[in-house]
Engineer: 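Mind having a look at this structure? Questions to follow.
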Amino acid sequence: MPRTPTCVLTATASPSTTEGHAIDRFVEIGSLTKVLTGTVLMRMCAEGTLNVDDPLGRWLPVPDTGITLRQLAEHTSGLPRLPPGLSRRDPYARFTPAALRELLPHLGSIASRPAGQQEEYSNLGYAVLGAALVAAAGKPYEELLSAHVLVPLDIDEVTASPAAESRLDAPGRFGRSRAPWTMNGAILPAGGMWATPRALARLVPALLLERRLGAPALSWQKAGPLLWHNGATRRASVFAGAMPDGRWVVVHRLNGASDDTDEQALRLLTAQKPAGAPGPTREDAGS
């Protein structure tokens, strides 16, 4: 079986890496990209470029579907999980910006249900949201991400195209790296970014605990007081989350099942002591 390189970062312990993972190598973060896109949305709203409740048709040439930017961010747009026509081996390789433009006039016919009725997680929705942000600003997605998120947080180890020598790909059975999917086309705002684990360890508390860019974006998932998001690509999976009491966790794995990554992260989060909690007393230690 191939190795499962794993990197763990938490609020209370030093970074831990096993099986050849590294905190300073770029790894795929999959759908964790969505919280970056959502943060760009909220920042652009704060500066007045757009409104979170703008109809999608204000920014893109789409039919009158009733879809708003908020619904795209909250997965209530009615759009399906995936774009049509994906291949199996490298599913998003043909989903280029041109392919998305050709799809836009047909959004009404491919929607699973009317906008606003029900939550349905949608990678396609976030690809469309990213395209709307680009159209509203007149700037490329990566430039928006840099200006609205990375530069204000002084984080630079996040990119769509890391250099080959700084990238960490999943190992195969015979030591060869496994090629990642092509994710730098229209799907980029939904799941195509790469980051170093140490960059994620700065990003998560800055967005969720310190709230240096304002309230957390609509992209974050909620489970009681926990704000979280995960991500998975062909051979990589990640979970990031934080609690209001100061606990946070980032777990990234290569070749590991996404569900197992989520479970490991939640166990680690539960085992952490809240920030400011007292350590064990002499009685607790049995002395």
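Hydrogens, waters and symmetry mates are skipped; everything else that's a heavy atom, side chains included, is used.
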Engineer: Run through T261, D260, T18 and flag the one making a side-chain hydrogen bond (donor to acceptor under 3.5 Å, both in side chains) with R253.
Structural biologist: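 Exactly one option meets the side-chain hydrogen bond (donor to acceptor under 3.5 Å, both in side chains) with R253, and it is T261.
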Engineer: With a 4.5 Å cut-off on side-chain heavy atoms, are V128 and L100 touching?
Structural biologist: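 The answer is yes, as the side chains (C-beta and beyond) meet within the 4.5 Å cut-off.
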Engineer: Taking the side chain as every heavy atom from C-beta outward, state whether T233 and P180 have any atom pair closer than 4.5 Å.
Structural biologist: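 They are not in side-chain contact.
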Engineer: Whether the E157 and T196 side chains hold a donor-acceptor pair (N or O, under 3.5 Å, no angle test) is what I'd like checked.
Structural biologist: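 A donor-acceptor contact under 3.5 Å links the two side chains.
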Engineer: Is it possible for you to say whether L32 and V249 belong to one hydrophobic cluster, with membership spreading through side-chain heavy-atom contacts below 4.5 Å?
Structural biologist: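 No: no chain of side-chain contacts under 4.5 Å links L32 to V249.
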Engineer: So, the side chain of S146 versus the backbone of E143: is there a donor-acceptor pair under 3.5 Å, distance only?
Structural biologist: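 Checking the backbone N and O of E143 against the side chain of S146, no donor-acceptor pair under 3.5 Å is found.
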Engineer: Regarding N255 and T4, is there a side-chain donor-to-acceptor distance under 3.5 Å anywhere?
Structural biologist: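 Result is no, nothing qualifies.
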Engineer: Please say which of T37, V158, I155, L203 ends up in a side chain to side chain contact (heavy atoms under 4.5 Å, CB included) with V149.
Structural biologist: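 Output: one option passes, namely L203.
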Engineer: How far apart are the closest heavy atoms of Q264 and V8, and which atoms are they?
Structural biologist: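 Closest approach of Q264 to V8: NE2-CG2, 3.6 Å.
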Engineer: Determine whether a donor-acceptor pair (N or O, by modelled atom type, separation under 3.5 Å) exists between the side chain of E74 and the backbone of Q71.
Structural biologist: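 Here the side-chain-to-backbone pair does not exist.
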Engineer: Closest approach of S237 and S258, non-hydrogen atoms and distance?
Structural biologist: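 Looking at all heavy atoms of both residues, the shortest contact is CB-CA, 3.8 Å.
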Engineer: At what distance, to the nearest 0.5 angstrom, does OG1 of T182 lie from CD1 of I187?
Structural biologist: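 Between atom OG1 of T182 and atom CD1 of I187 there are 12.0 Å.
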Engineer: Test of understanding: clusters of I, L, V, M, F, W, Y form through side-chain heavy atoms closer than 4.5 Å, transitively. Do V251 and L208 belong to the same one?
Structural biologist: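 No, because V251 and L208 fall into different hydrophobic clusters, even though each may have its own neighbours under 4.5 Å.
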Engineer: If two hydrophobic side chains count as joined below 4.5 Å and joins carry through other members, does W220 share a cluster with L226?
Structural biologist: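 In one cluster with W220: L226, no.
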Engineer: On a heavy-atom basis, which atom in P2 and which in P171 lie closest, and how many Å separate them?
Structural biologist: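 The pair with the smallest heavy-atom distance is CB-O, 3.6 Å.
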Engineer: Take W248 and M243 through the side-chain contact (heavy atoms from CB on, under 4.5 Å) test and state the conclusion after the steps.
Structural biologist: CA-CA 6 Å; W248 61 265; M243 297 285 284; over 6 Å; no
Engineer: Could you state the interatomic distance from CG (D169) to CZ (R234), rounded to the nearest 0.5 Å?
Structural biologist: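 Rounded to the nearest 0.5 Å, the CG-CZ separation comes out at 10.5 Å.
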Engineer: Give a yes or no on whether the backbone of L269 and the side-chain of R247 come within a donor-acceptor separation of less than 3.5 Å.
Structural biologist: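 Present.
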Engineer: Which pair of heavy atoms, one from H252 and one from H21, lies closest together, and at what distance?
Structural biologist: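 Looking at all heavy atoms of both residues, the closest pair is ND1-NE2, 3.0 Å.
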Engineer: Using side-chain contact (heavy atoms from CB on, under 4.5 Å), reason through I67 and L79 one step at a time and then give a plain yes or no.
Structural biologist: CA-CA 9 Å; I67 296 173; L79 295 178; 4.1 Å; yes
Engineer: Taking C-beta and beyond as the side chain, do L144 and M44 meet within less than 4.5 Å on heavy atoms?
Structural biologist: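 Contact flag for L144/M44 side chains = yes.
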Engineer: Would you say R167's side chain and F26's backbone share a donor-acceptor pair under 3.5 angstrom?
Structural biologist: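 The answer is no, because no donor-acceptor pair under 3.5 Å joins these two groups.
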Engineer: Please round to the nearest 0.5 Å and tell me the distance separating atom CH2 of W59 and atom CG of L133.
Structural biologist: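 Answer rounded to 0.5 Å: 10.0 Å.
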Engineer: Starting from the C-alpha separation in whole Å, work towards a yes-or-no answer on side-chain contact (heavy atoms from CB on, under 4.5 Å) for K34 and H75.
Structural biologist: CA-CA 11 Å; K34 291 181 175 70; H75 298 287; 4.1 Å; yes
Engineer: Look up atom CG in L124 and atom CG in L129, then write down how far apart they are to the nearest 0.5 Å.
Structural biologist: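 CG of L129 is found 11.0 Å from CG of L124.
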Engineer: Among pairs that include at least one residue of residues 104-133, which meet salt bridge (charged side-chain N to carboxylate O under 4.0 Å, His left out), considering only residues two or more places apart or in two chains?
Structural biologist: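 Residue pairs passing salt bridge (charged side-chain N to carboxylate O under 4.0 Å, His left out), neighbours aside: R113-E120.
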Engineer: In Å, rounded to the nearest 0.5 Å, how long is the span from CG of N51 to CG of L69?
Structural biologist: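 Reported to 0.5 Å precision, the distance equals 8.0 Å.
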Engineer: Is any side-chain heavy atom of M42 closer than 4.5 Å to one of P216?
Structural biologist: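 They are not in side-chain contact.
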Engineer: I'd like to check the salt bridge (charged side-chain N to carboxylate O under 4.0 Å, His left out) partners of R70; sequence neighbours left out, ordered by chain and number.
Structural biologist: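 Salt bridge (charged side-chain N to carboxylate O under 4.0 Å, His left out) check on R70 returns D53.
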Engineer: Is L227 close to Q221 at the side-chain level, that is, under 4.5 Å between some pair of heavy atoms?
Structural biologist: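 Q221 vs L227: side chains apart.
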Engineer: Who passes side chain to side chain donor-acceptor pair (under 3.5 Å) against T39, sequence neighbours left out?
Structural biologist: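 With neighbours one apart ignored, the set is empty.
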Engineer: Taking all non-hydrogen atoms of both residues into account, name the closest pair between L72 and G125 and its distance.
Structural biologist: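 In this case the closest contact between L72 and G125 is CD2-O, 3.5 Å.
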Engineer: Do F239 and H229 make the cut of ring centroids closer than 6.0 angstrom?
Structural biologist: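 No.
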Engineer: Count I, L, V, M, F, W, Y as connected when their side-chain heavy atoms are under 4.5 Å apart, and connections chain through other members. Are L207 and L200 then in the same cluster?
Structural biologist: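 Yes.
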Engineer: Got E19 and T6 here, is their nearest side-chain heavy-atom distance under 4.5 Å?
Structural biologist: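 Contact flag for E19/T6 side chains = no.
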Engineer: Are E142 and T159 side-chain neighbours, meaning at least one heavy-atom pair lies under 4.5 Å?
Structural biologist: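 Contact flag for E142/T159 side chains = yes.
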Engineer: Can you tell me how far apart CD (E210) and CG (L153) are? Round to the nearest 0.5 Å.
Structural biologist: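 The CG atom of L153 is 8.5 Å from CD of E210, to the nearest 0.5 Å.
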Engineer: For R94 and L86, which heavy atoms make the closest approach, and how far apart are they?
Structural biologist: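 Smallest heavy-atom distance, with atoms named: NH2-C, 4.3 Å.
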Engineer: Applying a strict under-4.5 Å side-chain criterion to I, L, V, M, F, W and Y, I'd like to know whether L50 and V62 cluster together.
Structural biologist: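 Yes, one cluster joins them.
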Engineer: Just by distance, with hydrogens left out, do T33 and Y126 show a side-chain donor and acceptor under 3.5 Å apart?
Structural biologist: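 The answer is no; no qualifying pair exists.
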Engineer: Could you go step by step and tell me if Y92 and L82 meet the side-chain contact (heavy atoms from CB on, under 4.5 Å) rule?
Structural biologist: CA-CA 10 Å; Y92 297 105; L82 300 173; 3.2 Å; yes
